[in-house]
There are 2 protein chains.
Amino acid sequence: MVELYTHKIDTVFHALSDATRRHMLRELTRGERTVGQLAEPHAMSLAAASKHIKVLEGAGLVRREIQGRIHLCRLDPGPLATAHEWLSFYEHFWTTRLDALEHLLKQDDARKADQNAKMPPSKPGNDT
Amino acid sequence: MVELYTHKIDTVFHALSDATRRHMLRELTRGERTVGQLAEPHAMSLAAASKHIKVLEGAGLVRREIQGRIHLCRLDPGPLATAHEWLSFYEHFWTTRLDALEHLLKQDDARKADQNAKMPPSKPGNDT
DNA sequence: TACACATTCAACCACATGGTTGAATTATAC
DNA sequence: GTATAATTCAACCATGTGGTTGAATGTGTA
């Protein structure tokens, strides 16, 4: 169970770590695409593109419907939601880090204001 | 610029695609850790763990402060925020997919309700 | 100074990845 | 039924990845 989940998130993040595959995902947000259509914008052989699509499929990000000789691919955003959720665990850390940065900037402002207090002030009152 | 961004998100997703590295990140949410401390829970050599930490560093996920002979690592959640943001683009797709699922379930409920209408009903009124 | 400690470096290995090419498979079209 | 189109398969190649071991580096300590 946990094994399965671990395996899945491994494959999802790995699938996302390649620009070609990310581009294909973007393309699939615009609708269903055949293998050929997905391959077309990329300067590589069809076989190579086919492998990329298989990686996306393996990560559960793409579903394929075979209609005769063409393979229709569509986006399955589920694993993206999983990855998004996984990252959300860390949301607290980057927001508090931004808070800390903001705090430092305020300190800096206060320091500047303090320096200005020793000089003839030009504009008052924004040191809250 | 875009190159840089692309390279970065590549390395971030790649860094996240390994369970050992994800575990190290989790550990770092609990506070600063030395290389040895990060390596300890994992059944591998220090050199191997050191390489993992370098991958995290390369993705900008970990910062290192060298204090004498020990290297203190801390989490830098910034790139996680970037990845989270990247995934958010697709949020619409998984939520509308859930909406569609919900819609299907409602249809199913309606179908069942319709079937039940042909039978003596037992419990009324939850088909909104 | 000599030793122990924390970490990296370098060389190596097995296997995965991302690409190629040419042949095979399968379905449509003439 | 034969050619053509869409896709995969198989073999191959260069490079990357994740691991090992043993030596090297640099820092604290007796």
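Quick note: numbers below take in every heavy atom, side chains included, and nothing from hydrogens, waters or symmetry partners. Residue numbers begin at 1 in each chain, while the letters A, B, ... track the order of the sequences.
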Which protein N or O atoms sit under 3.5 Å from an N or O of nucleotides 28-30 of chain C?
none

Counting only N and O atoms by type, is there a donor-acceptor contact under 3.5 Å from the side chain of B:R21 to the main-chain atoms of B:H14? yes
Rounded distance in Å - CD1 (B:I66) to P (C:dT8): 8 Å
For B:A49 against B:A39, the heavy-atom pair lying closest together: CB-CB, 3.4 Å
List the steps and the verdict of salt bridge (Lys or Arg N to Asp or Glu O under 4.0 Å) for A:R64 and A:E57. CA-CA 8 Å; A:R64 175 192 311 243; A:E57 237 183 327; 2.7 Å; yes
Do B:L80 and A:L87 have side chains that approach each other closer than 4.5 Å (heavy atoms only, starting at C-beta)? yes
Close N or O pairs between protein and nucleotides 15-18 of chain C (under 3.5 Å):
{"unit_1": "C:dG18", "atom_1": "OP1", "unit_2": "A:R21", "atom_2": "NH2", "d": "3.3"}
{"unit_1": "C:dG18", "atom_1": "OP2", "unit_2": "A:R21", "atom_2": "NH1", "d": "3.0"}

Rounded distance (Å) that lies between atom C1' of C:dG19 and atom CD1 of A:I53: 15 Å
With the side chain counted from C-beta on, respond yes when A:E40 and A:R33 share a heavy-atom pair under 4.5 Å apart, and no when they do not. no
Counting the atoms with a prime plus P, OP1 and OP2 as sugar-phosphate, which does B:L46 contact under 4.0 Å by heavy atoms, base, sugar-phosphate, or nothing? base
Check whether the side chains of B:T34 and B:H71 place a donor and an acceptor atom closer than 3.5 Å, and report yes or no. no
How about A:V62 and A:R74: do any of their side-chain heavy atoms sit closer than 4.5 Å? no
Could you check whether A:T34 gets within reach of a base, just the sugar-phosphate, or nothing at all, counting any heavy atom under 4.0 Å? sugar-phosphate
Is there a donor-acceptor contact under 3.5 Å from the side chain of B:S50 to the main chain of B:L46? no
Can you see which heavy atom on A:Q37 is nearest to which on A:E32, and at what distance? OE1-O, 4.3 Å
Earlier contact from the 5' end, DNA chain C, for A:T20 and B:I70: B:I70
Just the rounded figure in Å: distance from P of C:dT8 to CG of B:L56. 12 Å
Aromatic rings B:W86 and B:F13: how do their planes relate, parallel, tilted or perpendicular, breaks at 30° and 60°? perpendicular
Exceeds 12 heavy-atom contacts within 6.0 angstrom, atom CD of A:E85: no
Roughly, in whole Å, what's the span from NZ in B:K54 to P in C:dT7? 11 Å
Quick check for you: name the first and last nucleotides of DNA chain D, 5' to 3', having an atom under 4.0 Å from a heavy atom of chain B. D:dT17 to D:dG28
